[in-house]
Amino acid sequence: MSAPRQNWQSKLGFILAASGSAIGLGNIVFFSSNAYQYGGGAFYLPYFIALFLLGMPMMMVEFGMGTITHQSLPLALRRLAGKRGEYLGWWAIASALFITMYYVAILGWALGMMLGALGSLFEPGIAAPFTPIQEPTAAPNATVYFFNMISTWNPLIYIVVIWLANLFILRQGTKTIEAAVRIFVPLMWAFMIILVIRGITLEGGMDGVLYLFTPDLGGISQPGVWKGAFSQMFFSLSLGLGTMTAYASYLPKDADQVNNSMLVSFLNCSFEYLAGVAIFSLLFVFALNPAGTTLSLSFFVIPQGINELSSLPWVVRLFGFGFYLLVVLAGLTSSISLIEAPASALIDKFRISRGRALAIIAIPSVIGSCLFALPRIIDPGLSGDGTLGLTLLDITDHWVFNYSLLAVGLFEAIIAGWVFGADKLRAALNQHAKVKLGKWFEYLVKYVIPLVLLLVIVFSLIAEWPELYGSSYDMPGYGWLASFIPVFWIFFTLIFAYVLTRRQTREI
Ligand code: PFF
């Protein structure tokens with residue numbers, strides 16, 4: 001006999017947990033590098049449109065599915081659309097596992113940098129075993145420090161520590177999650193506000209803010225910008241992986257999900273813009289020019305800016321430590337939700353204990369996370385990512401981040417809009433909502449969202465042509481990774497979803 005379904009102890013607890021899930025590496029690490037890559041103001045407008053067109057309505061769909069069915073994603077979709085729905089749910093969960101593995105690996109590196117801030121991150125004279133950076137540096141250099149770190153086995157320890165922290169927070173479900181987010185979420189807001197104040201009070205800091213917020217109408221004619229904005233919006237709002245449905249399934253039936261979606265999206269996007277302000281002000285003041293992978297901004301450029309903040313070493317260390325602590329806290333409140341999605345799905349389907357579900361997920365996933373930190377150098381000239389782990393991470397992220405979330409969103413919208421019925425969904429959401437959704441919501445879910453997502457996915461796939469992502473990296477003996485990773489991801493997730501859907505659901 002299993003325990004009754006758990007509940008959030010308060011509405012605040014749910015809002016903190018859901019916004020904690022949304023606010024994470026995506027807001028600090030990925031948003032600013034995407035915004036930079038696509039040209040500041042050129043990104044900001046499509047991103048804003050994505051919020052209203054896709055983000056908020058899809059959050060209503062995912063929250064709605066959770067409270068209507070009181071089930072996590074696979075079984076919620078099964079209620080709405082039968083076995084095919086469940087299959088989609090497990091496919092989303094499989095992708096969530098991939099993302100969790102590398103998300104935790106990045107958090108492990110952030111923990112390494114946090115410790116480094118107290119150690120030798122801000123000291124000169126480091127070298128890394130890569131051809132371009134073998135010479136010891138005359139000044140502190142975060143890029144060199146980072147590559148030095150990831151080419152050792154140390155990050156494996158950090159990754160295990162982050163995994164243990166996740167499992168500790170998840171051990172009693174909503175009760176322990178709520179206790180953690182009550183401390184972590186306010187703390188990360190406080191750190192971010194301090195960082196913003198420091199950034200904009202630097203001379204020239206406002207130029208970066210202007211760059212970010214001045215709309216660039218020329219840039220928005222490029223389809224790549226829209227694709228970037230839409231994928232970033234899905235990732236940032238934690239959509240398409242089952243987390244929001246799992247969290248919402250612990251709410252009472254009369255929860256106002258229209259209001260909750262607006263509140264969580266608003267909190268997430270405010271944090272994101274604050275992070276943009278903090279980071280872009282540093283970039284402009286110190287004329288820093290990020291290049292390379294998504295991680296470069298937070299792992300190479302920001303510490304470089306922090307290093308120049310003050311001539312007092314303890315101030316630099318304190319800010320460096322504070323920045324990475326912020327990244328770790330924000331990331332932890334997201335990674336717990338990433339793990340809760342499969343955990344609650346297993347508990348719902350097989351009626352197993354939470355401890356058992358967490359063990360089933362953690363054992364293979366810890367190994368997976370460690371693979372993303374393998375220190376073997378396969379690209380000494382740094383034409384791509386340098387180590388085996390970072391290369392695996394970069395290529396996996398490219399495929400999963402850009403395609404799986406949007407594909408799940410596309411099918412969720414079709415199921416909610418056409419199979420379950422957009423009118424029924426709207427009526428269910430409106431039943432307890434203070435602000436009622438108009439007929440426009442039905443058009444969005446039935447036509448606009450599926451069409452937009454389909455277009456973005458098709459355009460992105462066409463843009464992959466003719467060269468597979470990663471195949472230009474100079475990695476002797478490892479060139480096959482560029483095609484192996486996407487093929488493995490597709491097959492693994494499809495088979496995983498098939499096997500889990502076929503298994504018998506244990507009724508209570
Ligand atoms: N929203 C998180 C972030 O911005 O870092 C990441 C994330 C968590 C994505 C949970 C998806 C998810 F289901």
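Atoms within a ligand are numbered from 1 in the order they appear, just like the ligands themselves.
- Close N/O approach between Leu241 and ligand 1 is not found [any backbone or side-chain N/O within under 3.5 Å].
- Among all non-hydrogen protein atoms, the one lying nearest atom 5 (O) of ligand 1 is Tyr103 OH, 2.5 Å.
- The Asn27 neighbourhood of ligand 1 comprises atoms 4 (O), with distances under 4.0 Å to a heavy atom of that residue.
- For atom 6 (C) of ligand 1, the candidate residues are Phe234, Phe235, Phe30; the nearest heavy-atom contact is made by Phe235.
- No donor-acceptor distance shorter than 3.5 angstrom exists from the side chain of Trp489 to the backbone of Thr396, with no hydrogens or angles considered.
- Electrostatic pairing of Glu340 and Arg354 counts as a salt bridge here, judged by a charged N lying under 4.0 Å from a carboxylate O.
- For the pair Asp256 and Lys11, the salt-bridge criterion is not met [side-chain N within less than 4.0 Å of a carboxylate O].
- Using a 3.5 Å distance cut-off with no hydrogens or angles, the side chains of Asn166 and Ser335 do pair a donor with an acceptor.
- Nearest to atom 7 (C) of ligand 1 among the protein's heavy atoms is Ser238 OG, 3.6 Å.
- The single protein non-hydrogen atom nearest to atom 2 (C) of ligand 1 is Ser21 O, 3.3 Å, given as residue, atom name and distance.
- Under 3.5 Å, the side chains of Arg182 and Ser10 contain a donor-acceptor pair of N or O atoms.
- For the pair Arg84 and Tyr87, the cation-pi criterion (under 6.0 Å, within 45° of the ring axis) is not fulfilled.
- Using cut-offs of 30° and 60° on the angle between ring planes, the pair Tyr44 and Phe48 is tilted.
- Near Ala22, with a cut-off below 4.0 Å to any heavy atom, the atoms of ligand 1 are 1 (N), 2 (C), 3 (C), 4 (O).
- Side-chain contact check for Ser337 and Ser21: at least one donor-acceptor pair (N or O, by modelled atom type) lies under 3.5 Å.
- Residue-ligand proximity, Ser337 to ligand 1, at heavy-atom distances under 4.0 Å covers atoms 10 (C).
- Every atom of ligand 1 with a heavy atom of Gly26 under 4.0 Å away is listed here by number and element: 3 (C), 4 (O), 5 (O).
- Between Leu405 and ligand 1, not a single N/O pair is under 3.5 Å apart.
- Which parts of ligand 1 touch Ser236 is read off a 4.0 Å heavy-atom cut-off, strictly below it: atoms 1 (N), 4 (O).
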